[in-house]
Amino acid sequence: MRGHRWVTLVAGVTLALGGLVGVAANPAAADPPGGTLRGVYYDGQFCNSYGSEGAATGLWSWYYCEYRPNGTSGPGFYFLWTFTY
């Protein structure tokens, strides 16, 4: 019977700490108002050329490529956001 009490206590503490971590976490970055994510690329030049081509052919009104670092190591990524008005 003692084993069940310890398991219950450990499970309760684990759940409580998990809830604290979940509450303290930063929210994910939201999409820009009216924007649509069209792709994620390694190369900023490709991201800009694809965005420019889409704007020139009328697929979207304008675009921008947002660079986000990849944590603490390695290269980041370019996010192609498009807007149609």
Side-chain angles (χ1 to χ4, degrees):
M1 201 63 169
R2 276 188 158 207
H4 283 1
R5 288 185 184 178
W6 279 108
V7 170
T8 304
L9 177 64
V10 169
V13 169
T14 303
L15 289 173
L17 290 176
L20 289 175
V21 171
V23 170
N26 290 333
D31 294 355
T36 303
L37 179 63
R38 297 288 177 178
V40 180
Y41 307 101
Y42 288 108
D43 186 272
Q45 187 175 10
F46 180 80
C47 181
N48 280 300
S49 68
Y50 187 68
S52 175
E53 184 177 330
T57 58
L59 293 174
W60 43 77
S61 304
W62 65 279
Y63 74 97
Y64 77 93
C65 292
E66 176 188 10
Y67 179 77
R68 292 187 189 173
N70 183 17
T72 58
S73 64
F77 298 100
Y78 293 87
F79 291 75
L80 175 61
W81 293 101
T82 63
F83 300 84
T84 303
Y85 298 109

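Residues take their numbers from the sequence shown, with the count starting at 1. Hydrogens, waters and symmetry mates play no part in the numbers below; they use all other heavy atoms, side chains included.
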- For a ring pair (Phe, Tyr, Trp, His ring centres under 6.0 Å) with Y78, tell me which candidate from Y63, Y64, Y67, Y41 qualifies. Y67
- Note on the structure: Closest heavy-atom pair, G35 versus F83, reported as atoms and distance to 0.1 Å, is CA-CE2, 3.3 Å
- Task: Heavy atoms only: give me the nearest L80-C47 pair and the separation to one decimal.
- Result: CB-SG, 3.7 Å
- Query: Same cluster or not: are F46 and W60 linked, directly or through other Ile, Leu, Val, Met, Phe, Trp or Tyr residues, by side-chain heavy atoms under 4.5 angstrom apart?
  - Reply: yes
- Closest heavy-atom pair, A55 versus S61, reported as atoms and distance to 0.1 Å, is CB-O, 4.2 Å
- When the aromatic ring centroids of F77 and Y42 are compared, is their separation below 6.0 Å? yes
- Between atom OH of Y50 and atom OG1 of T82, what is the distance when rounded to the nearest 0.5 Å? 9.0 Å
- Message: Any heavy-atom pair between the side chains of T36 and W81 that's under 4.5 Å?
- Response: no
- Message: Donor-acceptor check, side chain of T57 to backbone of E53, threshold 3.5 angstrom: yes or no?
- Response: yes
